[in-house]
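Here the structure comes first, spelled out in structure tokens, and everything after it is commentary.
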Amino acid sequence: MRAQQVRAGFVELYGTEPEGVWSAPGRVNLIGEHTDYNDGFVMPFALPHTAVAAVSRRDDGVLRLHSADIEDGVAELRLDDLAPESDRTWTAYPAGVVWALREAGHAVTGADIHLTSTVPSGAGLSSSAALEVVVALALNDLFELGLQRWQLARLCQRGENVYVGAPTGIMDQTASACCEDGHALFLDTRDLSQQQIPFDLAAEGMRLLVVDTQVKHSHSEGEYGKRRAGCERGAALLGVDALRDIPYADLDAALARLGDDEEAVRLVRHVVTEDERVEKVVALLKSGETRAIGPVLVAGHASLRDDFRISCPELDLVVDTAMSAGALGSRMTGGGFGGSAIVLAEVADVDTITKAVEEAFAAAGFTAPRVFEAVPSPGARRLV
């Protein structure tokens with residue numbers, strides 16, 4: 001139905017039928033936060049919430065962009081005029097993909113694009129990556145570029161890093177492009193090797209809730225970049241290419257070498273222990289001990305809160321309240337400074353936990369959260 005609605009919107013805007021309709025999902029990261037730009041491990045899965053785009057080729061060097069979600073007209077850009085950090089609106093994300101494809105030597109000659117998205121914006125669920133990947137997949141198909149999914153993800157990341165100016169890692173785009181239905185994606189961000197890990201909570205009597213705190217964040221703001229720069233500085237002080245290269249067994253020795261550099265100690269400790277937590281969750285899921293991942297999620301939140309210092313009162317309130325109400329595990333997910341938390345719960349406890357979180361937010365005077373179930377869903381694909 002959404003594909004047909006977007007197709008009809010394209011016809012109304014541009015006066016012709018689109019050549020196709022594509023979708024790309026947002027994602028939830030189960031575990032592995034701020035490890036991707038440290039060459040580490042992550043474990044996201046795709047959401048049922050998607051960006052959907054109707055697209056046709058042009059051959060005149062013009063890119064026309066329109067979103068059904070924004071009260072604005074069609075943005076018309078000339079491909080030869082696309083330049084990094086020249087656009088501070090939503091169009092920077094799809095335009096950045098076109099820029100990155102052309103910079104890499106791919107013959108994209110223009111496009112008409114009409115899209116819409118159900119991925120909550122600013123909630124830490126990769127709404128920007130969904131926009132990027134749906135455009136990249138459509139252009140890859142239409143212009144017969146022959147790029148693999150991981151290559152599309154790399155180019156989308158380059159668009160976001162250089163064109164948009166947001167220093168994000170590779171996880172979000174890879175999750176949107178490569179996740180599979182009913183699975184979590186165990187991704188090594190150094191070599192982009194992937195394992196699809198079965199993750200069917202419903203079959204085991206559990207649910208994973210997303211609690212969108214309604215506190216908006218922006219990766220292009222300074223704090224995210226500061227954390228990334230701090231991690232790079234920590235790696236340089238320890239003489240390694242990336243913090244991924246510090247074995248968990250050697251962490252205490254590495255921290256001792258950092259001496260009284262308190263910031264470096266905190267950042268290094270989070271990244272090294274978080275990589276260890278990802279590997280622990282993978283092992284537990286493979287052995288069928290799904291409920292045992294709960295404490296690992298909680299430990300991950302404590303590390304993000306205390307060492308990486310990217311939580312906020314709303315996120316902490318979700319975790320504390322959910323755990324007090326009987327959750328198996330909970331943690332913030334995404335880049336931090338707002339956004340969403342996840343809650344792992346028995347089916348029988350979902351309503352109790354949801355009510356407890358809503359009441360806690362009301363008592364604290366916070367904006368009411370949005371709570372929904374996260375179901376591992378397919379990655380990007382062509383719909384029509």
Side-chain angles (χ1 to χ4, degrees), residues 24-47 124 126 129 132-133 136 147-158 160-161 167-199 219 224 227-228 231-232 234-236 238-251 254 267-287 290 293 296-297 299-300 303-304 308 331 333-335 342 376 378-380:
R27 65 97 189 97
V28 160
N29 192 24
L30 182 63
I31 192 73
E33 220 66 79
H34 288 267
T35 51
D36 56 349
Y37 55 77
N38 289 292
D39 283 2
F41 305 121
V42 295
M43 199 173 188
F45 63 86
L47 288 167
S126 298
E132 294 158 3
V133 170
L147 295 167
Q148 300 297 309
R149 294 299 182 97
W150 68 268
Q151 293 173 304
L152 293 177
R154 277 287 194 210
L155 288 165
C156 289
Q157 182 202 15
R158 176 165 168 74
E160 185 155 346
N161 288 172
T168 53
I170 190 62
M171 173 181 65
D172 296 349
Q173 293 85 359
T174 305
S176 186
C178 300
C179 279
E180 294 183 2
D181 194 17
H183 291 74
L185 176 67
F186 176 37
L187 173 67
D188 182 334
T189 65
R190 170 163 282 171
D191 62 14
L192 296 189
S193 60
Q194 303 176 18
Q195 291 183 46
Q196 300 287 347
I197 309 296
F199 192 55
H219 279 173
Y224 185 100
R227 299 305 187 281
R228 181 166 186 163
C231 289
E232 292 169 352
L238 293 170
V240 294
D241 291 335
L243 294 182
R244 150 75 174 274
D245 297 312
I246 305 297
Y248 179 71
D250 297 344
L251 176 59
L267 298 182
V268 169
R269 182 166 54 215
H270 166 72
V271 173
V272 175
T273 58
E274 186 78 346
D275 274 334
E276 173 73 5
R277 283 186 284 273
V278 177
E279 293 188 287
K280 185 178 294 185
V281 167
V282 171
L284 289 169
L285 291 179
K286 285 184 173 180
S287 65
T290 305
I293 74 172
V296 186
L297 303 183
S303 182
L304 290 162
F308 229 63
R331 73 172 191 90
T333 187
I342 56 175

N38 side-chain N/O to G40 backbone N/O, donor-acceptor pair under 3.5 Å: no
For the residue pair [X] and [Y], what are the closest heavy atoms and their distance?
{"X": "T189", "Y": "R154", "answer": "O-NH2, 4.0 Å"}
{"X": "D188", "Y": "R244", "answer": "OD1-NH1, 2.8 Å"}
{"X": "V278", "Y": "G32", "answer": "CG2-CA, 3.4 Å"}
{"X": "N29", "Y": "I342", "answer": "O-CD1, 3.9 Å"}
{"X": "A380", "Y": "P25", "answer": "N-CD, 3.6 Å"}
{"X": "V133", "Y": "S176", "answer": "CB-OG, 3.7 Å"}

Below 30° counts as parallel, above 60° as perpendicular, anything between as tilted: where do the rings of F199 and F45 land? tilted
Testing T333, D172, T174 one by one against R27 for a side-chain hydrogen bond (donor to acceptor under 3.5 Å, both in side chains), which residue passes? D172
How long is the span from the [atom1] atom in [X] to the [atom2] atom in [Y], to the nearest 0.5 Å?
{"X": "I31", "Y": "D275", "atom1": "CD1", "atom2": "CG", "result": "10.5 Å"}
{"X": "E274", "Y": "L243", "atom1": "CD", "atom2": "CG", "result": "12.5 Å"}
{"X": "L251", "Y": "I246", "atom1": "CG", "atom2": "CD1", "result": "8.5 Å"}

Given E33, which of R277, R331, R227 fulfils the salt bridge (Lys or Arg N to Asp or Glu O under 4.0 Å) condition?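 Of the listed residues R277, R331, R227, the salt bridge (Lys or Arg N to Asp or Glu O under 4.0 Å) partner of E33 is R331.
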For the pair E276 and K280, find out whether any cationic side-chain nitrogen is under 4.0 Å from an anionic carboxylate oxygen.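 The answer is no: the pair does not qualify as a salt bridge.
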A side-chain contact here means heavy atoms from C-beta on lying under 4.5 Å apart; do [X] and [Y] qualify?
{"X": "T168", "Y": "Y37", "answer": "no"}
{"X": "D245", "Y": "R190", "answer": "yes"}
{"X": "C231", "Y": "H34", "answer": "no"}

